[in-house]
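The next block holds one structure in the form of C-alpha cells; read it before the comments.
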Amino acid sequence: MAACGRRNRPKLLFFFFGASFVGYVIFFRHSSKEVTNRRESPREEVVDNEKLRRPVYEKPPLDLNAPGELGRAVKLNLNEEEKRKEEESLKKHQINIYVSDKVSLHRRLPEKWNPLCRELKYDYRSLPTTSVVIAFYNEAWSTLLRTVHSVLETSPDILLKEVVLVDDYSDRAHLKEPLEKYLSGFRKVRLIRATKREGLVRARLLGASIATGDVLTFLDCHCECHEGWLEPLLHRIKEEPTAVVCPVIDVIDWDTFQYLGNPGEPQIGGFDWRLVFTWHSVPDNEQKRRHSPTDVIRSPTMAGGLFSVNKNYFYYLGSYDTGMEVWGGENLEFSFRIWQCGGSLEIHPCSHVGHVFPKKAPYSRSKALANSVRAAEVWMDDYKEIYYHRNPHARLEAFGDVSERLKLREKLGCKNFQWYLDNVYPEIHVPHDRPGMFGMLKNRGKVNYCFDYNPADENTIVGQRVILYPCHGMGQNQFFEYSVDGEICYNTREPAGCIVGDSVNTYLTMQLCKKRGQPVPMEQKFVFRKDGSLYHALSQKCVQAMDRTDNGTPAPALQPCSDSVYQQWFFEERM
Ligand code: UD2
Ligand code: MN
C-alpha cells in the first residue's frame, strides 16, 4: 500500500464551517495520478466495464487460511493471558477487538446479494461521483482501518472522489499521529479533526463541508463493503436525485467477526412510539409495486449510519439538525423530513455493507432523548403526544430551540405527519390514547403496583407473562392503552402487542394485535366496565391482582368475577 504514494508531512489548514463549529483538515499530498477523466473523448465511450470497475486499490492476494477470511467466524484457542487481553478489548470497545486485530484489514466477504444483482450493468462514465464520509469517535484501529481499506478496495476509482474521515475529538493515542502517518500514504483519503466533541451529526456535516463528490455517502467507522456496493446507490441517485438510498446492512458479529446476512429480501425500517428504530419485513403493497427483486425498496425510516444522498439535495433538504448532540434521533428526523418534504427513502437490495453492532453502547448516549424530542417537535404535529404519553420524561426534557427547523419545514412546504403515516407507513399501529384510557394500569387493592411487560427480546414481544410491578411512572414497559376495540394494547412497540387471556390459563400473556381493519380475536377482548373491572368475555372471568402466583411474582390473572377491590383497575398517566 505504502508504495502507492509518497509520504509527505501532512499540512494543517484551519477553516470554518457555518458559525457554530470548527475543524481542521489534514491534506495528504501524493504523487500518484488521480483518475479524473470522466466523459473524455467519444472514443473512450466504448464501455469497458472491467477497466472502469477497477477499485482505487486492489486487494492483496487471498490467503484462505487467514482468520475470518471470507467472512468466517474467528475461533481462537487462547491462553489465560490472551483471554485477559480479549476481555479488556471487549470492555473498552464493546466489540471483540482482540479478534478484530487478527482479521485481515483487506479480507474478502461472502456474497450476500441476490444473484440477479450480478446481472445489472452500469454506465460508469455517466454515474455521479461520491465522497464517502466517515465520522469516528474513539474507534479501535482495526475496525476503523478495515472500513477505510474496504471502501478503497471495493469502490471504482472513477466513482470515488475521496474518503473523508472525521475525527470527532477522540482522545486515544492511536488515532493521533499514528493514524496520520498510516493514512498519509494513501490516495483519496482525507482526515479532518473536530476541535471539540461535536456528536455524529455535526461531525458528519464537518466532513460533508469539504467533500467534493456529487453524492455524499455516509458510513459508520466499523463497516465492510461488499463487492459492487457503490454502483447501485449512485445509479439510483442518478435516476432519481431526490432519492436517499441505503445499502442493506449486513451484521458483522461483535465477538467472532463472522459476516452474517442473507441474500433473501432485506428488511425495511420503521419506528415504535418510543421513537425507537425498528426492522420489518417488506409489506405486501411494496412487494407488489416492485417489478424485480433488484428494484429498490421504499422504507419509512433508515437505521441512520449508511446512506447516499445527492449533495445538493442534502443541503436543499436542510442537511441535519445541528442542535442534535452525540448520538440518536437524527435518523428518524431525517427519515420524516425526506418523506414529508417530497423525497423518497429507499433500500437498494443490491448494495450490501456490513456493520459491527457492538455488544452494548460503548459511550454515553444520554443526549438521545433530547434529540428525539427535537424530531417529534418539528415533524410529528399532534402525534407527538402519542410519544410523550409513552415517555412522560421526554416532555420535561430541555430540547433547545427548534424554530429554525420549523421555518425550514415551512419554507420547503413539507407535508404533515398524518400524510406520512397514511402514505408511507400505513402498517404502523396508531393508538387512540383516549383520556383516562392509557398510561399505567393500576389496581385499587394492590396499590402502587402496575401492569408491566418486559419482553425478553425486543424483536419478539409475544409469549411472556404480564406481571405486576411497583409503578415507576416512566411509561415504557408499564404503558398500556385500552383501545376503542376493547383491547389492552402494549403499543410502545411496533408491531404492537395485545394482552391475551384464554379459558384454560389463568395468567395473561402477549400476542401481536390484529392488523388494521380486521376483527379483534375473542381472546384479546376485554370489557372495561364502569365499576373498574376488566371482563374477559371468552373465559367469562375478570382480571384480578394476585400476590401468590405459581412463580412468586405478583401478576394479573383471570378469576371468577367478584366485587373484590383486587378486581378494580384504573389508568393513571403520571405518578
Ligand atoms: C445507529 C446508526 C448510526 C446512527 C445511530 C443513531 C447504523 C448502522 N448505525 O447506531 O449511524 O445513525 O444509530 O444516532 O445505522 N460518532 C461520532 N461522534 C459521536 C458519536 C458517534 O463521530 O459523538 C460516530 C461513531 O464513531 C460512528 C457513527 O458516528 O462511526 C455512529 O455511531 P455508532 O456506531 O455508535 O452508532 P450505532 O451504529 O450504534
Ligand atoms: Mn455503528
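Just so you know, these numbers come straight off a predicted model, no measurement behind them. Whatever order the structure lists ligands and atoms in, that order sets their numbers, starting from 1.
- For atom 1 (C) of ligand 1, the choice among G354, A303, A194 with the nearest heavy atom turns out to be A303.
- Residue contact check: E330 has heavy atoms under 4.0 Å from atoms 4 (C), 6 (C), 12 (O), 14 (O) of ligand 1.
- Of all the listed residues (W327, F307, F334), W327 holds the heavy atom that lies closest to atom 5 (C) of ligand 1.
- With hydrogens and angles ignored, the 3.5 Å screen pairs no side-chain donor or acceptor of R204 with any backbone N or O of Y320.
- Close contacts between ligand 1 and G328 involve ligand atoms 6 (C), 14 (O) [criterion: under 4.0 Å to a heavy atom].
- Both the backbone and the side chain of D220 come within contact range of ligand 1, each with a heavy atom under 4.0 Å.
- Taking the six-membered ring for Trp and the full ring otherwise, W339 and Y425 have centroids separated by 6.0 Å or more.
- In this structure, a donor-acceptor pair under 3.5 Å is absent between the side chains of H280 and E427.
- A donor-acceptor pair is defined here as one N or O able to donate and one able to accept, closer than 3.5 Å; such a pair exists between the side chain of R202 and the backbone of T322.
- Under the ring-ring contact (aromatic ring centres under 6.0 Å, His included) criterion, no residue pair touches residues 236-258, with sequence neighbours excluded.
- Classification of the F218-F307 ring pair by plane angle, with boundaries at 30° and 60°, yields tilted.
- Heavy-atom separations between R204 and ligand 1 include at least one value shorter than 4.0 Å.
- Not close to ligand 1: K367, with no non-hydrogen atom less than 4.0 angstrom away.
- Listed by number with element, the atoms of ligand 1 under 4.0 angstrom from any heavy atom of L306 are 8 (C).
- Annotation for ligand 1: atoms under 4.0 Å from non-hydrogen atoms of H222 are 34 (O).
- Side-chain N or O atoms of S170 include none that pairs as donor or acceptor with a backbone N or O of R172 at under 3.5 Å.
- Of all the heavy atoms of M302, none lies under 4.0 Å from any atom of ligand 1, so neither backbone nor side chain is involved.
- With hydrogens and angles disregarded, no donor-acceptor distance shorter than 3.5 Å links the side chain of R298 to the backbone of S344.
- Distances below 4.0 Å separate heavy atoms of Y363 from the following atoms of ligand 1: 20 (C), 21 (C), 32 (O), 33 (P), 35 (O).
- At the shortest separation from atom 24 (C) of ligand 1 among protein heavy atoms lies A135 O, 3.7 Å.
- In this structure, the ring of F336 has its center less than 6.0 angstrom from the ring center of F271.
- Using a cut-off of 4.0 Å between Lys/Arg side-chain N and Asp/Glu carboxylate O, K407 and E404 are scored as salt-bridged.
- Numbered from 1 in the order shown, with element, the atoms of ligand 1 that lie under 4.0 Å from a heavy atom of H355 read 8 (C), 38 (O).
- No side-chain donor-acceptor contact under 3.5 Å links N114 to the backbone of C117.
- Checked for salt-bridge contact, E239 and R236 meet the test: a charged N lies under 4.0 Å from a carboxylate O.
- In this structure, a donor-acceptor pair under 3.5 Å is absent between the side chains of E330 and N371.
- Inside a sphere of radius 2.8 Å centred on the Mn ion (ligand 2), the protein N/O/S atoms present are D220 OD2, H222 NE2, H355 NE2.
- Residue contacts with ligand 1 for E198 are absent, since no atom lies close enough (heavy atoms, distance under 4.0 Å).
- Per-residue contacts place G305 under 4.0 angstrom from the following atoms of ligand 1 (heavy atoms of the residue considered): 2 (C), 3 (C), 7 (C), 9 (N), 11 (O), 12 (O), 15 (O).
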